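The block underneath contains the structure these notes are about, expressed in structure tokens.
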Amino acid sequence: MGELNFKDIQDGTKAVWAGEKEFLAYNATQVPVVLSVAYNYDDVDEWQEVAIGNKPGHIYNRMTNPTVQAFEEKVRILEGAEQAIGFSSGMAAISSTLYTFLKPGDRVISVKDTYGGTNKIFTEFLPNIDVEVTLCNTGNHEEIEAEVAKGCKVLYLESPTNPTMKITDIERMVRAGKSAGALVIIDNTFATPINQNPIQLGVDIVIHSATKFLSGHADALGGVVCGSKELMKRVYHYREINGATLDPWSAYLILRGMKTLKLRVRQQEKSAMEIAKYLQKQKLVEAVYYPGLETHRHHQIAKKQMKGFGGILSFVLKDEMDAIKILLPKLQYANKAGNLGAVETIYGPARTTSHVECTLEERKALGIPEGLVRISVGIEDTEDLISDLEQAFSYLESQLPVNSSK
């Protein structure tokens, strides 16, 4: 196989071919799963050179592994980053990155409705080490800019947000962050590298829960952080010592899943748009959140910075949990589970999925209604997913009191 040039090819081709060639062995067409914990060196001097990073190679799997590096390289190329570092989970990637760059006395600014686990880091763990945390109203760019102008070490973004699908103008926030000398970090899990490349918009660090769309098959945990070599050197060192390393078998599964990433995302967002339009017409639905809808508050921003609107949407049922408990069990082509980004469609309320760690009061303070249901659209045929919703809503209407809608 000749040298591969990834500069002028499309993301679907990158997803298949990028990052694998140098890790192939024995004329195999697929990257091997290297399970060895340690690597042998008869030459002690060579061993030392590899150990201190002067020569490429592997010493111990907590540091590096060939299968994990192939995964990291594929993500790096798709995101247009200088380097990528794999982690054992998405939360390991998020928490390790924040702890790498924040110390007591620093200030971090973010938005209120980030993923529930991320929110807990901001509201519970970082304050315990005397890091000042300011959470702004998501989508209120003026408020975020005003807080950033007061000074901060890190500006942490998530767009679209989980689960309310709010959009942040990334380039505008980058300008604000850079003016204040802040490091700008974004969780790009929902958009995926297929639909959004934040590094091209000026972001310093991009994070993914690789468990979700990158893997796509709900069978492997993983996370990944992308950015410049200088910044990733610090992230790698934190991971090396703290130990949240991605295991090679999970890396292989995610790597395999990524080959169909663009195909999956395009089908998922095709169905997501149709489902969003269907839900808008339902009398028992109070609101639908999907950035592809022209009625979405920040549709134009999403249109500007995204190449597609993704496979996640959410909606709010007027009768809240009473309706959710009737509707969800009737869905046939859907898992009711705390995951997203898989080939199967997944439904779940915020209180058992994205914000299960939060109390009712905390969810309300974050602007997350109890009647909110998140849909992670799978790759099933669109018509079948719509038909499934139709029969479930028909049953819901038959079960609710006549004057039920609040």
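Count residues from 1 along the sequence. Since this is a predicted model, take the numbers as computed values, not measurements.
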T345 versus Y347, closest heavy-atom pair with distance: CG2-CE1, 3.5 Å

Spatial distance of atom OG1 (T189) from atom CD (Q196) [nearest 0.5 Å]: 11.0 Å

Listed partners of Y99 passing ring pair (Phe, Tyr, Trp, His ring centres under 6.0 Å), at least two apart: none

N/O donor-acceptor pair under 3.5 Å between T211 side chain and G222 backbone: yes

Contact list for residues 158-216, test ring pair (Phe, Tyr, Trp, His ring centres under 6.0 Å), sequence neighbours left out: none

Set of ring pair (Phe, Tyr, Trp, His ring centres under 6.0 Å) partners for H299, sequence neighbours left out: F309

From L78 atom CG to N197 atom CG, the distance as rounded to the nearest 0.5 Å: 8.0 Å

L372 vs Y289 side-chain heavy atoms within contact, under 4.5 Å: yes

Test item: Q282 side-chain N/O and Y278 main-chain N/O as donor-acceptor pair under 3.5 Å: yes

Steps toward side-chain contact (heavy atoms from CB on, under 4.5 Å) verdict (Y290, E269): CA-CA 10 Å; Y290 185 62; E269 62 192 6; 3.8 Å; yes

Point-to-point distance, once rounded to the nearest 0.5 Å, from CD1 of I254 to NE2 of H217: 12.0 Å

L35 side chain reached by P248 side chain, heavy atoms, under 4.5 Å: yes

D247 side chain vs S250 backbone, donor-acceptor pair below 3.5 Å: yes

Expected output: side-chain K74 to main-chain V16 donor-acceptor under 3.5 Å: yes

Partner set under side chain to side chain donor-acceptor pair (under 3.5 Å) for K330, not counting sequence neighbours: none

Partner residues of R172 under the salt bridge (charged side-chain N to carboxylate O under 4.0 Å, His left out) criterion, sequence neighbours left out: E142, E145

For E79, salt bridge (charged side-chain N to carboxylate O under 4.0 Å, His left out) partners two or more places apart: none

Ring pair (Phe, Tyr, Trp, His ring centres under 6.0 Å) contacts in which one or both residues fall within residues 62-86, not counting sequence neighbours: none

Euclidean distance, M273 CE relative to L293 CG, rounded to 0.5 Å: 5.5 Å

Salt bridge (charged side-chain N to carboxylate O under 4.0 Å, His left out) assessment of D319 paired with K325: CA-CA 10 Å; D319 287 84; K325 290 177 182 179; over 6 Å; no

Flag side-chain contact, heavy atom, 4.5 Å: L255 against Q30: no

Pair R76-E73, salt bridge (charged side-chain N to carboxylate O under 4.0 Å, His left out): steps then yes or no: CA-CA 5 Å; R76 180 194 75 78; E73 184 67 2; 2.9 Å; yes

Residues N339 and K212: side-chain donor-acceptor under 3.5 angstrom: no

Counterpart residues, salt bridge (charged side-chain N to carboxylate O under 4.0 Å, His left out), relative to E158 (two or more places apart): none

Y395: ring pair (Phe, Tyr, Trp, His ring centres under 6.0 Å) partners, not counting sequence neighbours: none

Atom pair CD (Q399) and CD1 (I326), whose distance is rounded to the nearest 0.5 Å: 6.0 Å

Minimum heavy-atom distance L102-L126, with the two atoms named: CD1-CD1, 3.9 Å

Sub-4.5 Å side-chain heavy-atom contact between E82 and M232: no

side-chain contact (heavy atoms from CB on, under 4.5 Å) assessment of N137 paired with V111: CA-CA 6 Å; N137 290 300; V111 293; over 6 Å; no

More than 12 heavy atoms from other groups under 6.0 Å of CD on Q10: no

Shortest non-hydrogen contact between I194 and K307, atoms and distance: O-CE, 3.1 Å

Qualifying residues under salt bridge (charged side-chain N to carboxylate O under 4.0 Å, His left out), relative to K103, sequence neighbours excluded: D106

Derivation of the side-chain contact (heavy atoms from CB on, under 4.5 Å) call for D204 and K178: CA-CA 10 Å; D204 296 300; K178 298 303 180 185; 2.5 Å; yes

Pair N195, R266: side-chain N/O donor-acceptor within cut-off below 3.5 Å: yes

Residue list, side chain to side chain donor-acceptor pair (under 3.5 Å) with T64, at least two apart or on another chain: H58

Pairs involving residues 120-143, ordered by first then second residue, that meet ring pair (Phe, Tyr, Trp, His ring centres under 6.0 Å) (sequence neighbours left out): F122-Y156, H141-H298

Distance-minimising heavy-atom pair for T13 and I9: CG2-CD1, 3.8 Å

Check: L331 main-chain N/O paired with D388 side-chain donor or acceptor under 3.5 Å: no

Flag, side chain of S314 to backbone of P163, donor-acceptor distance under 3.5 Å: yes

Test item: side-chain donor near acceptor, T295 and Q280, under 3.5 Å: yes

Side-chain donor or acceptor of S376 paired with backbone N/O of L340 under 3.5 Å: no

Min side-chain heavy-atom separation L279-L313 under 4.5 Å: yes

Contact check, side chains of P193 and L261, non-hydrogen atoms, under 4.5 Å: yes

Full working for side-chain contact (heavy atoms from CB on, under 4.5 Å) between I144 and L155: CA-CA 9 Å; I144 300 171; L155 172 59; 4.1 Å; yes

Salt bridge (charged side-chain N to carboxylate O under 4.0 Å, His left out) assessment of E20 paired with K259: CA-CA 11 Å; E20 300 194 13; K259 290 177 183 285; 2.8 Å; yes

Contact check, side chains of N40 and W47, non-hydrogen atoms, under 4.5 Å: no

Minimum-distance pair of heavy atoms, taken over all atoms of R374 and I312: CG-CG2, 3.9 Å

Any donor-acceptor pair under 3.5 Å from T67 side chain to P32 backbone: yes

Exercise: identify the closest heavy-atom pair between M173 and L157: CB-CD1, 3.7 Å

Any donor-acceptor N/O pair, S228 side chain to L231 backbone, under 3.5 Å: yes

R107 side chain near T134 side chain, heavy-atom distance below 4.5 Å: yes

Straight-line distance of I205 CD1 to F101 CZ, nearest 0.5 Å: 4.0 Å

